[in-house]
Amino acid sequence: MSIVTKVSSVFMLIFLLSACDSPEGVNYERDLYRGGDGLVYLKNSEVLFTGRAYMAVCEECNESLLGSWPVHYVGHYKDGRMHGEFWFPKSGRSDDFFEYSDRANQRKVVYLNGEVVERYP
């Protein structure tokens with residue numbers, strides 16, 4: 001096997017590992033804030049946030065090379081309110097976390113314009 005083939009193989013392995021299931025959207029702590037009205041805005045603006053967001057345990061903890069994405073929660077906002085499916089740790093503790101790829105085994109809460117409409121388990 002030539003050196004070029006070996007290097008190509010290493011880069012392909014890194015690409016495949018980094019393509020693991022990772023959170024989509026924006027990091028809540030880095031890119032968003034909750035206003036005095038309780039709504040969520042894009043940081044440094046008055047624009048209500050709509051889209052997917054996650055709260056990472058810490059930016060440095062996200063080891064994408066190993067496929068590890070520890071998060072406190074993952075969900076969707078619409079016009080600054082929780083809207084759609086959110087995943088939280090099974091424990092229910094706000095200081096707990098889970099691996100993003102394991103969200104199907106976590107506590108799921110469905111919101112409609114900021115109000116809880118369903119909870120699993």
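Note: the hydrophobic cluster containing L42 also contains V26 (ILVMFWY, side chain heavy atoms under 4.5 Å, direct or indirect links). A continuous path of ILVMFWY side-chain contacts below 4.5 Å connects V40 to V47, so both sit in one hydrophobic cluster. Y111 and V74 are members of different hydrophobic clusters when ILVMFWY side chains are connected at heavy-atom separations under 4.5 Å. There is no path of hydrophobic side-chain contacts, each under 4.5 Å, that joins V71 to F88.
For G92 against R107, the heavy-atom pair with the smallest separation is CA-NH2, 3.7 Å. When all heavy atoms of E46 and Y33 are compared, the pair lying nearest together is OE2-OH, 3.5 Å. Nearest heavy-atom pair, Q106 versus P121, reported as atom, atom and distance to 0.1 Å: O-CD, 4.1 Å. A53 and F49 make their closest contact through CB-CE2, 4.0 Å (heavy atoms, listed as atom of the first residue, atom of the second, distance).
Remark: Y28 pairs with no residue by the ring pair (Phe, Tyr, Trp, His ring centres under 6.0 Å) rule, at least two apart or across chains.
Checked by atom type and distance alone, the side chain of E85 never pairs as donor or acceptor with a backbone atom of V110 at under 3.5 Å.
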Please determine whether side chain to side chain contact (heavy atoms under 4.5 Å, CB included) holds for the pair L32 and Y41, giving the CA-CA distance in whole Å, both sets of side-chain angles, and the decisive distance to 0.1 Å. CA-CA 6 Å; L32 305 173; Y41 294 86; over 6 Å; no

Give the intermediate values and the outcome of side chain to side chain contact (heavy atoms under 4.5 Å, CB included) for residues D96 and H72. CA-CA 6 Å; D96 202 356; H72 290 296; 5.9 Å; no

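Residue-environment remark: CG (D95) exceeds the threshold of 12 foreign heavy atoms within 6.0 Å. Crowding of F86 atom CZ: a count of heavy atoms from other residues, nucleotides or ligands under 6.0 Å exceeding 12.
Between E99 and P70 there is a side-chain heavy-atom pair separated by less than 4.5 Å. Taking the side chain as every heavy atom from C-beta outward, F98 and W87 approach each other to under 4.5 Å.
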Which atom pairs, donor and acceptor, lie under 3.5 Å between side-chain atoms of residues 76-84 and protein residues at least two apart or in another chain?
residue: H76; atom: ND1; partner: H83; partner atom: O; Å: 3.2
residue: Y77; atom: OH; partner: Y73; partner atom: OH; Å: 2.9
residue: H83; atom: ND1; partner: N113; partner atom: N; Å: 2.9

